[in-house]
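Below is one structure; the comments refer to it alone.
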Amino acid sequence: MLTIKLPYRIGSNQKGFAALANIYQQVKPCQFETIQLDFQNTTWFDANMLAMLGAIMESAWKNDFDIVNLRPEQEKIFKKTRYSYFGGESLPDHYQTTVEYRKTKVSEIGSFEKYLEKKLLAHPEIPSMSALLRKKIKESILEIFDNARTHGKCEFVFSCGQYYPRKGRLDFTVVDIGRTIRKNVRDYLHKNFSGKMALDWAVQKNTTTRKDNIPGGLGFALIREFLCKNNGKMQIASADGYWYERGRTSHSKDLNVFFRGTAVNLEFNVNDKSSYCLISEIEDTDIPF
Amino acid sequence: MERKIISIFDVVGGKAAVSTEDGERLFTTINAFLEKDFKVILDFANIQTLITTFLNAAIGQLYSKYDSPFLREHLSVRSLQPEDKERLVKTIERAKEYFKDKENLEKDIREAFDDE
């Protein structure tokens with residue numbers, strides 16, 4: 001039996017991604033073993049980070065996992081998200097601060113869109129957002145989902161969210177265990193980029209690793225533009241790289257541990273009253289084909 | 001010129017135009033009519049969610065076969081939500097750039113990162 005002790009805190013940040021990637025590294029070589037995830041020292045676990053833990057546990061499906069010493073309040077949160085370890089068992093979420101955990105086949109973007117509509121955007125506790133803000137949030141997450149399908153070449157996408165009413169923030173994490181951004185960029189550029197260099201390249205406007213007749217290189221740019229106006233935040237962990245942006249300030253770092261997949265955390269400011277309609281004056285007939 | 005109106009709602013089977021597969025299907029349909037010299041009108045009525053992956057596959061990809069003057073004459077849209085027009089305009093701009101000189105663009109990008 002392998003016992004892995006989780007750190008005292010798993011937050012939506014570089015340390016949180018690295019801690020979970022470290023678990024991935026430990027479980028990766030295991031087959032037909034019992035793996036005990038020991039939460040004894042863990043006093044905080046951001047619910048949205050369950051997306052990454054779920055992806056890691058799924059990637060090591062040939063093993064049995066035991067989650068032990070989980071604090072009752074954390075177990076409640078995990079069950080509120082219907083985290084699959086508990087067999088989908090759920091607890092009522094009276095304060096509605098979690099967004100259900102979900103494992104979605106990449107081919108089922110349509111059902112993922114309905115899940116976002118029902119479990120995230122119709123969330124009763126999230127203050128009334130403008131229709132445009134809701135739309136922008138949904139479209140941003142869907143772009144990330146499709147990136148996982150197109151570039152990650154993975155089978156499933158894992159997602160989970162947490163809403164922080166006092167901060168007016170919604171964190172939503174999307175994870176795939178597939179081709180990393182570093183791998184895609186290296187193959188495309190034929191350069192031995194590190195994970196952080198690959199992330200710096202990939203988030204630029206008009207860069208894409210696509211080689212076919214479908215243009216790319218716009219999705220990340222539009223999300224960044226939106227999050228900048230929204231005063232939100234985006235983080236990406238892939239391979240051995242980590243990238244972060246809040247407002248117009250971005251930076252990249254080494255993750256210091258390898259994660260064979262991509263985790264994207266989007267943080268939205270749900271109290272945003274901005275208008276997002278920029279060129280509404282344009283007529284249908286004026287679209288510059 | 002004969003006209004063909006294509007309902008996006010009908011193509012994707014709902015209010016969300018979000019998948020590359022649906023975009024590819026729409027591209028194939030548009031292409032079939034353009035090859036027959038039809039004027040194609042894309043009707044976005046009742047589409048509430050639209051993302052670039054769909055637009056890249058459906059419309060961006062057209063620039064691999066047709067140039068702007070041809071598409072301006074043969075393609076138009078209607079009932080597009082105001083906020084989605086910006087997304088479409090950016091998709092078109094990006095597609096033109098992508099195909100304008102694909103090889104040179106890729107070379108430039110590689111060179112830009114050579115110093116690192």
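Lettering follows sequence order; numbering is per chain, from 1.
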Does the ring center of A:Tyr188 lie less than 6.0 Å from the ring center of A:Trp201? yes

Which class fits the ring pair B:His74 and B:Phe70: parallel under 30°, tilted 30 to 60°, perpendicular over 60°? parallel

Counting only non-hydrogen atoms closer than 4.5 Å, does B:Thr52 touch chain A with its backbone (N, CA, C, O), its side chain (CB onward), both, or neither? both

Applying a strict 4.5 Å limit to non-hydrogen atoms, the region of B:Ile51 in contact with chain A is both

If one checks every heavy atom of A:Leu222 against chain B at 4.5 Å, the contacting part turns out to be side chain

Leading residue by heavy atom contact count with chain A [cutoff under 4.5 Å; candidates B:Glu93, B:Glu73, B:Glu21]: B:Glu21

Heavy-atom proximity to chain A below 4.5 Å, by part of B:Thr91: both

Are there over 12 heavy-atom neighbours, none belonging to B:Lys36, within less than 6.0 Å of that residue's NZ? no

With the threshold set at 4.0 Å, does a side-chain nitrogen-carboxylate oxygen contact exist between B:Glu83 and A:Lys136? no

Sidechain N-carboxylate O distance under 4.0 Å for A:Asp187, A:Lys183: yes

Which of the residues A:Asn213, A:Asp212, A:Ile287, A:Leu142 is involved in the greatest number of heavy-atom pairs with chain B at under 4.5 angstrom? A:Asn213

Contact part of A:Lys205 toward chain B, heavy-atom cut-off under 4.5 Å: side chain, backbone, both or neither? neither

For B:Tyr63, is it the side chain, the backbone, both or neither that has a heavy atom under 4.5 Å from a heavy atom of chain A? side chain

Please check if the distance between the ring centroids of A:Phe145 and A:Phe112 is under 6.0 Å. yes

Where on B:Asp84 is there a heavy atom nearer than 4.5 Å to chain A: the side chain, the backbone, both, or neither? side chain

Can you tell me if B:Glu35 has over 12 outside heavy atoms packed within less than 6.0 Å of its CD? yes

Note: vs chain A, highest number of non-hydrogen pairs under 4.5 angstrom among B:Leu80, B:Val12, B:Thr20, B:Leu71 is B:Thr20

Between B:Phe38 and B:Phe33, what is the ring plane arrangement, given parallel below 30°, perpendicular above 60°, and tilted in between? perpendicular

Could you look at B:Leu55 and say if it's the side chain, the backbone, both or neither that has a heavy atom under 4.5 Å from chain A? neither

Quick check on A:Glu113 against chain B: is it the side chain, the backbone, both or neither that has a heavy atom closer than 4.5 Å? side chain

